[in-house]
Number of protein chains: 4
Amino acid sequence: MVEYRIDRSSGVPAYVQIVEQTERALRMGTLRVGDKLPTAREVVAATAINPNTVLRAYRDMEQAGLVELRRGLGTFVTRSLARPGAEDDSPLRAELADWTARARAAGLERADILALVTAALDTHDDTKDSRAPGDPERAEEDA
Amino acid sequence: MVEYRIDRSSGVPAYVQIVEQTERALRMGTLRVGDKLPTAREVVAATAINPNTVLRAYRDMEQAGLVELRRGLGTFVTRSLARPGAEDDSPLRAELADWTARARAAGLERADILALVTAALDTHDDTKDSRAPGDPERAEEDA
Amino acid sequence: MVEYRIDRSSGVPAYVQIVEQTERALRMGTLRVGDKLPTAREVVAATAINPNTVLRAYRDMEQAGLVELRRGLGTFVTRSLARPGAEDDSPLRAELADWTARARAAGLERADILALVTAALDTHDDTKDSRAPGDPERAEEDA
Amino acid sequence: MVEYRIDRSSGVPAYVQIVEQTERALRMGTLRVGDKLPTAREVVAATAINPNTVLRAYRDMEQAGLVELRRGLGTFVTRSLARPGAEDDSPLRAELADWTARARAAGLERADILALVTAALDTHDDTKDSRAPGDPERAEEDA
DNA sequence: GTGGTCTAGACCACA
DNA sequence: GTGGTCTAGACCACG
């Protein structure tokens, strides 16, 4: 079950944060087709945001074709964004874990590390946006 | 000179994106104390956002103690967020570049990679938010 | 409920006047933690300044940690600047009231009195600025 | 000789601060008819603001009839705002000095004291502005 | 020509 | 209905 964490001081709309985090879970395979998202009620209990805001996020994801809202039942994942290579036990993840451990040991904080990664990505990839991880980036990957 | 790239479809306010990107440049050492940010007019020319929006971002950073707005002169960096270990030629960066190259070779996209990194960070670090690099995160570094 | 009075001819930006007056109310204990500031719309109705200007002032105070803007709810005091000794019934205030009465009886106007007080303060205190009460002065009190 | 102190972080325009402080000196009798204001050059040396800004302030005061700019000679006070009762040795000032000393002893800071005074003034005087000490308040007193 | 304030008004986020 | 972002444009402060 995903657990949303909303940072109200980030300036990023709450519903966008929910979408970002859901997408992230889809990419990682943490969330798979058929899985149920937490109910609006549950999210409200966990995050103290308004149910309407949760529903807004879920509706957006429905329109993007990622989930399906079934009245009375809940919200269910209808599409995967999972990538081979991003599985829990992939070598890439192990190497990454190793690298981040060393980065932290070197005194780098979360924000520093994310800045480094973004910079590394922007080096190879001079296309597109430049923003954050978990960008909605118009969810339209494979299924 | 920093170059801002604004993703208007991300849902993240333009002024937040400017702050994030500036912070990122500060962390990476791309921007150093005394450096001049692009003038509001230059940013406007490059990004097609409104001057007021740029100034809003600059003002926010001024209040955060990162830059100083000097009328008639421009906006200047007053505080570094640079980290030893994040320099251009650091081993950590080289290793990261290597890892991202392999991740891309494995078919992972930018968003996938950022999701992986976020997941890796959240594994060690069960505190805080979940969002982007360059998050305001209440700047509290030193120079 | 605070009531803002904006002097448009003073040369002091309207949003600064709002901040100054709010801070003053906080110092005097007129405004306490948890209290709600007037909504932007109410201030607009009372002062004929633009809602954006009010919000600018509120945002500035939020960044200074004095208040919290809650969408859909309003703006609330989060920190006290109250001082023991500044209460309504303190001896100091009674003495002051007595003194100002005599000053006025002697023909001194508001501006004269404020000039006298400023001079008196500058005598003991050869540090800092010189300006007004309720100066932002980088709010650094506690609650 | 007046000594201007400009607080660049107060949000109040520099030229307004100069006018305010000059007026204050006139009210206190620190500056008298015939006295010479510091030259723009001197003010620049002392405050690091631009000569044009000083001249702007002096010109404003000339238009208000307070001073006269004599090319090649300097700027001279042409009108007094002095008040009997505000002299250096007046009983009112002695009492005030005593009161402020006690206020400081009670732990009140400059801003607290100014807030108290403003409140005291607003109690008797429910007219007008509400702002700071040294408000321009359209200089038009006696001579 | 730089930053800075203010207005007006459209549209969005959230309770 | 609350705050919040963004635009557009006028005018100001300052170097």
Side-chain angles (χ1 to χ4, degrees), chain A residues 6 8 11-19 40 44 47-57 60, chain B residues 6 8 10-18 36-44 47-62 67-76, chain C residues 6 8 11-18 36-44 47-62 67-76, chain D residues 6 8 11-18 40 44 47-57 60:
Chain A
I6 305 302
R8 318 196 53 114
V12 179
Y15 83 91
V16 171
Q17 296 186 42
I18 291 178
V19 173
V44 165
T47 60
I49 66 181
N50 188 290
N52 292 331
T53 303
V54 182
L55 292 175
R56 156 79 193 268
D60 279 13
Chain B
I6 305 303
R8 327 264 335 205
S10 71
V12 178
Y15 81 89
V16 171
Q17 296 186 41
I18 291 178
K36 185 173 187 282
L37 296 188
T39 67
R41 281 157 174 80
E42 285 166 347
V43 176
V44 165
T47 60
I49 65 180
N50 187 287
N52 288 334
T53 303
V54 181
L55 290 175
R56 159 80 195 269
Y58 283 9
R59 227 187 286 125
D60 279 12
M61 292 193 282
E62 182 173 52
V67 306
E68 188 183 3
L69 311 210
R70 296 200 220 137
R71 287 217 268 234
L73 293 177
T75 301
F76 301 85
Chain C
I6 305 303
R8 327 266 332 207
V12 179
Y15 81 90
V16 171
Q17 296 186 42
I18 292 179
K36 185 173 185 284
L37 296 188
T39 67
R41 281 157 174 80
E42 285 166 348
V43 176
V44 164
T47 61
I49 66 181
N50 187 287
N52 288 333
T53 303
V54 181
L55 290 175
R56 159 81 196 268
Y58 283 9
R59 227 185 288 125
D60 278 12
M61 291 193 283
E62 181 173 52
V67 305
E68 189 181 4
L69 311 211
R70 295 200 221 137
R71 288 215 270 233
L73 294 177
T75 301
F76 301 85
Chain D
I6 305 303
R8 318 196 53 115
V12 179
Y15 82 91
V16 171
Q17 296 187 41
I18 292 178
V44 166
T47 61
I49 65 181
N50 187 289
N52 291 331
T53 303
V54 182
L55 292 175
R56 157 79 194 268
D60 279 13

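Note: hydrogens, waters and symmetry copies are ignored here, and every other heavy atom, side chains too, is used. Within every chain, numbering begins at 1; the chains are lettered A, B, ... in the order of the sequence lines, protein sequences first and strands thereafter.
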J.: Where is the tightest heavy-atom contact between B/V44 and B/V54, given as atom of each residue plus distance?
T.: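 Residues B/V44 and B/V54, closest heavy atoms: CG2-CG2, 4.3 Å.
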J.: Do B/N52 and E/dG3 have a side chain to base donor-acceptor pair shorter than 3.5 Å?
T.: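 Flag unset: no donor-acceptor pair detected.
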J.: Under a 4.5 Å cut-off applied to non-hydrogen side-chain atoms, are A/I18 and A/I49 in contact?
T.: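 Touching, per the 4.5 Å side-chain cut-off.
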J.: Could you list the residues that satisfy side-chain contact (heavy atoms from CB on, under 4.5 Å) with C/N50, not counting sequence neighbours?
T.: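 Listed in chain order: C/N52, C/T53.
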J.: Nearest heavy atom decides the nucleotide; on that basis, is B/P38 or C/G72 closer to the 5' end of DNA chain E?
T.: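 In this pair, the answer is B/P38.
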J.: Which pair of heavy atoms, one from B/M61 and one from B/L37, lies closest together, and at what distance?
T.: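 Closest approach of B/M61 to B/L37: CE-CD1, 4.0 Å.
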J.: Taking all non-hydrogen atoms of both residues, which atom of B/S10 and which atom of B/Q17 are closest, and how far apart?
T.: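 The answer is OG-NE2, 3.2 Å.
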J.: When we call it a touch if two heavy atoms are under 4.0 Å apart, what does C/R41 touch: a base, just sugar-phosphate, or nothing?
T.: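 Answer is base: heavy atoms of C/R41 come under 4.0 Å of a base.
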J.: Look at the side-chain N and O atoms of C/R59 and state whether any lies under 4.0 Å from the OP1 or OP2 oxygen of F/dT5.
T.: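 Yes, within the criterion.
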J.: Look at all strands and tell whether B/Y58 reaches a base, only sugar-phosphate, or nothing, counting heavy atoms closer than 4.0 Å.
T.: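 Counting heavy atoms under 4.0 Å across all strands, no contact is made by B/Y58.
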J.: Between E/dT2 atom P and B/K36 atom NZ, what is the distance in whole Å?
T.: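 To the nearest whole Å, that distance equals 7 Å.
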J.: Decide yes or no for D/R8 and B/E68: does some side-chain heavy atom of the first lie under 4.5 Å from some side-chain heavy atom of the second?
T.: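 No. Closest side-chain heavy atoms not under 4.5 Å.
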J.: Considering non-hydrogen atoms only, spot the tightest contact between A/A57 and A/Y15 and give its length.
T.: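 Heavy atoms only, the tightest pair is CB-O, 3.7 Å.
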J.: When we call it a touch if two heavy atoms are under 4.0 Å apart, what does B/R70 touch: a base, just sugar-phosphate, or nothing?
T.: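 Since only primed, P, OP1 and OP2 atoms lie under 4.0 Å of B/R70, the category is sugar-phosphate.
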J.: Quick one: which of F/dT5, E/dT5, E/dT7 gets closest to the side chain of C/T53?
T.: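 In terms of side-chain proximity for C/T53, the closest of F/dT5, E/dT5, E/dT7 is E/dT7.
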J.: Taking only the side-chain nitrogens and oxygens of B/R71, find out if one of them lies under 4.0 Å from OP1 or OP2 of F/dC14.
T.: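 It does, given that an N or O in the side chain of B/R71 lies less than 4.0 Å from OP1 or OP2 of F/dC14.
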J.: F/dG3 C1' sits how many Å from A/R8 CZ, rounded?
T.: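 Distance check: A/R8 CZ to F/dG3 C1' gives 12 Å.
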J.: Let me know the distance between CG of B/L73 and P of F/dC14, rounded to the nearest Å.
T.: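 Nearest whole value for this atom pair: 12 Å.
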J.: Should stems be defined as at least three consecutive Watson-Crick or G-U pairs with both distances under 3.5 angstrom, which of them involve DNA chain F?
T.: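 The stems that DNA chain F takes part in, listed by first number, are E:1-14 with F:1-14.
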J.: On the nucleotide F/dT2, are OP1 or OP2 found under 4.0 Å from the side-chain N or O atoms that C/T75 carries?
T.: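 C/T75 to F/dT2 OP1/OP2: no side-chain N or O under 4.0 Å.
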J.: If every non-hydrogen atom of A/P13 is compared with every non-hydrogen atom of B/P13, which pair is closest and at what distance?
T.: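 The answer is CD-CD, 4.1 Å.
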J.: Could you state the CG-P distance from D/N50 to F/dC14, rounded to the nearest angstrom?
T.: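 Rounded to the whole Å, the gap is 9 Å.
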J.: Send over the distance from B/L69 CG to E/dG1 C1', rounded to a whole Å.
T.: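 Interatomic distance, CG of B/L69 to C1' of E/dG1: 16 Å.
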J.: Select one nucleotide: of F/dC14, E/dT7, F/dT5, the one nearest the side-chain heavy atoms of B/Y15.
T.: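 Out of F/dC14, E/dT7, F/dT5, the nucleotide with an atom closest to B/Y15's side chain is F/dT5.
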J.: To the nearest angstrom, how far is C/L55 atom CG from F/dT5 atom P?
T.: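 Those two atoms, CG and P, are 9 Å apart.
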J.: I need the CZ-P distance between D/R56 and F/dC11, as an integer number of Å.
T.: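 Between P of F/dC11 and CZ of D/R56: 15 Å.
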J.: Send over the distance from C/F76 CZ to E/dC14 C1', rounded to a whole Å.
T.: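 Rounding to the nearest Å, CZ of C/F76 and C1' of E/dC14 are 13 Å apart.
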